[in-house]
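Shown next, in structure tokens, is the structure this report addresses.
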Amino acid sequence: MRLDNRAVKLTVYGADQICASCVNAPGSVETFEWLQAAIARKFEQASAIEFEYVDIFNPPDMEAHKQFVKRVQQEEFFYPVVLINGEVAGEGNPRLKSIFNILEKNGVH
């Protein structure tokens, strides 16, 4: 799917268990679902965004996912980690404002 001639993909890397450093934060799947709902309310073009959830303990057999998962497992990032077109938009307890800004930068309106 394309917006302004560019594909927009939002990926959340997370796990069933909550990040040890993210006490009282929602779980990864809850964050993923919350982001989908919040983005749908804010942007008319939300249906054109490709949403993807990747479990860091059971990633798909794709090299790009495996490489990023390794970085999360090595605690380079707090999970859940939100990527938009490969750019880190938030981690741990991601902020909507940052995510919205990056979506807008990628042509989502």
Side-chain angles (χ1 to χ4, degrees):
M1 300 196 180
R2 297 188 122 7
L3 301 171
D4 296 343
N5 297 321
R6 291 180 286 177
V8 176
K9 184 174 188 175
L10 185 145
T11 306
V12 174
Y13 288 88
D16 287 338
Q17 66 188 40
I18 294 176
C19 170
S21 299
C22 304
V23 177
N24 297 324
S28 299
V29 172
E30 290 86 5
T31 298
F32 179 68
E33 292 168 351
W34 168 72
L35 284 172
Q36 286 179 300
I39 290 167
R41 283 191 304 273
K42 169 89 172 156
F43 297 102
E44 291 178 18
Q45 297 175 320
S47 63
I49 298 169
E50 180 183 346
F51 290 91
E52 175 180 41
Y53 179 81
V54 176
D55 185 318
I56 64 171
F57 296 113
N58 190 23
D61 192 22
M62 295 173 56
E63 193 57 35
H65 287 315
K66 289 180 181 181
Q67 292 299 319
F68 196 82
V69 162
K70 189 179 294 183
R71 293 173 67 190
V72 176
Q73 290 175 342
Q74 293 173 342
E75 299 181 359
E76 186 176 332
F77 299 100
F78 295 118
Y79 60 87
V81 183
V82 179
L83 271 67
I84 299 172
N85 288 352
E87 178 181 350
V88 176
E91 62 178 300
N93 192 4
R95 303 286 177 236
L96 280 178
K97 184 174 182 177
S98 300
I99 292 166
F100 289 170
N101 287 341
I102 294 172
L103 285 171
E104 288 169 352
K105 184 175 84 174
N106 280 276
V108 180
H109 302 289

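Every pair tested for salt bridge (Lys or Arg N to Asp or Glu O under 4.0 Å) that includes a residue from residues 28-48 fails, sequence neighbours excluded, so the list is empty. A salt bridge (Lys or Arg N to Asp or Glu O under 4.0 Å) check over residues 52-68, counting only residues at least two apart or in different chains, returns the pairs Lys9-Glu52, Asp61-Lys66.
Closest approach of Val29 to Asp16, counting heavy atoms only: CG2-OD1, 4.5 Å. The two residues Pro60 and Val54 come nearest to each other via the heavy atoms CD-CG1, 3.7 Å. In plain terms, the two heavy atoms of Val12 and Ser28 that are nearest each other are CG1-O, 4.3 Å. Across Phe78 and Val81, no two heavy atoms sit closer than the pair O-CG2, 3.1 Å. A pairwise comparison of heavy atoms in Ile84 and Ile99 identifies CD1-O, 3.7 Å as the closest pair. Across every non-hydrogen atom of Ala40 and Ala46, the tightest pair is CA-CB, 3.6 Å.
Here the CD1-CD1 distance, from Ile49 to Ile39, works out to 5.0 Å after rounding to the nearest 0.5 Å. Between the OG1 atom in Thr11 and the OH atom in Tyr53 there is a gap of 12.0 Å [rounded to 0.5 Å]. In this structure, CZ in Phe68 is found 4.5 Å from CG in Leu83, a value given to the nearest 0.5 Å. Interatomic distance, CG of Asn101 versus CZ of Arg95, reported as 14.0 Å (0.5 Å rounding).
The closest side-chain heavy-atom distance from Tyr13 to Glu91 is not below 4.5 Å. In this structure the side chain of Val82 never reaches within 4.5 angstrom of the side chain of Ile102, judged on heavy atoms.
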I would like to know whether Leu35 and Leu96 meet side-chain contact (heavy atoms from CB on, under 4.5 Å); could you show each step before the answer?
CA-CA 8 Å; Leu35 284 172; Leu96 280 178; 3.8 Å; yes
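Aromatic ring pairs are classed by plane angle as parallel below 30°, tilted from 30° to 60° and perpendicular above 60°; the pair Phe57 and Tyr79 is perpendicular.
For Glu75, the CD atom counts as loosely surrounded, since its 6.0 Å shell holds 12 or fewer non-hydrogen atoms of other residues, nucleotides or ligands.
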